[in-house]
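Here the structure comes first, spelled out in structure tokens, and everything after it is commentary.
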Amino acid sequence: MPDEILDIAHGDIHLAARIREILVALADHDNAEIREMSREVLAGASLRRMAASSVYGDEIGAAFGRFWQTYQTMDPGRRTELEEAGRSVRCPI
């Protein structure tokens with residue numbers, strides 16, 4: 001696992017493994033830029049640099065904007081379910 005991902009995860013190997021798992025899933029994303037970014041990071045490119053670049057950063061920002069709009073319109077019960085599911089996710093190394 002790249003040191004940068006472990007650093008981003010604040011040394012938490014389970015969280016770092018989850019970040020890598022998410023990058024693997026994003027490698028098959030519908031958006032070509034997000035697919036390319038995740039594949040580059042998985043191949044050893046800097047996640048921080050990729051996320052900060054104008055090409056990939058703009059795509060990530062747009063995707064987060066869409067998520068945030070959806071989240072804001074969710075029923076409070078559904079929000080709670082989503083938040084609890086996120087907190088409970090742990091993946092094996």
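These values consider heavy atoms only, across backbone and side chains, with no hydrogens, waters or symmetry-generated copies. Please read these numbers as outputs of a predicted model, since none were measured by experiment.
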Verify the cluster assignment for [X] and [Y]: are they in a single hydrophobic cluster under the rule of side-chain heavy atoms below 4.5 Å apart?
X	Y	value
Ile22	Tyr71	no
Leu26	Met50	no
Ile60	Trp68	no

Q) At what distance, to the nearest 0.5 angstrom, does CZ of Arg78 lie from OG1 of Thr73? A)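 Taking CZ in Arg78 and OG1 in Thr73, the distance rounds to 11.5 Å.
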Q | Interatomic distance, Ile8 atom CD1 to Leu15 atom CG [nearest 0.5 angstrom] | A |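 Rounded to the nearest 0.5 Å, the CD1-CG separation comes out at 9.5 Å.
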Q. Are Arg39 and Glu36 within salt-bridge range, i.e. N to O under 4.0 Å?
A.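 No, Arg39 and Glu36 are not salt-bridged.
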Q: Go through the steps to decide whether Arg20 and Leu42 satisfy the test side-chain contact (heavy atoms from CB on, under 4.5 Å), and finish with yes or no.
A: CA-CA 8 Å; Arg20 186 179 187 295; Leu42 289 168; 4.0 Å; yes
Q | Least distance between heavy atoms, Ala16 atom then Ala9 atom | A |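 So the minimum-distance heavy-atom pair works out to N-CB, 3.5 Å.
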Q: With side-chain contact (heavy atoms from CB on, under 4.5 Å) as the test, would you mind laying out the steps for Arg18 and Ile5 before giving the verdict?
A: CA-CA 10 Å; Arg18 182 69 179 130; Ile5 296 204; over 6 Å; no
Q) Between Phe64 and Phe67, how do the two ring planes meet: parallel, tilted or perpendicular, split at 30° and 60°? A)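 Answer is tilted, since the angle falls between 30° and 60°.
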Q | Derivation of the side-chain contact (heavy atoms from CB on, under 4.5 Å) call for Glu4 and Leu47 | A | CA-CA 8 Å; Glu4 182 187 41; Leu47 177 56; 3.8 Å; yes
Q: Check the surroundings of atom CZ in Arg49: do more than 12 heavy atoms from other residues, nucleotides or ligands lie under 6.0 Å from it?
A: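 No, because the 6.0 Å sphere around CZ of Arg49 holds 12 heavy atoms or fewer from other groups.
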Q: With sequence neighbours left out, write down each residue that passes side-chain contact (heavy atoms from CB on, under 4.5 Å) with Glu59, or none if nothing qualifies.
A: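 With neighbours one apart ignored, the set is Asn31, Glu33, Ile34.
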Q.
With heavy-atom distances below 4.5 Å as the criterion, would you say the side chains of Asp28 and Arg35 are in contact?
A.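 SC-SC contact between Asp28 and Arg35 ruled out.
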Q) Between the side chains of Tyr56 and Glu40, is a donor N or O closer than 3.5 angstrom to an acceptor N or O? A)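 Side-chain D/A pair, Tyr56 to Glu40: absent.
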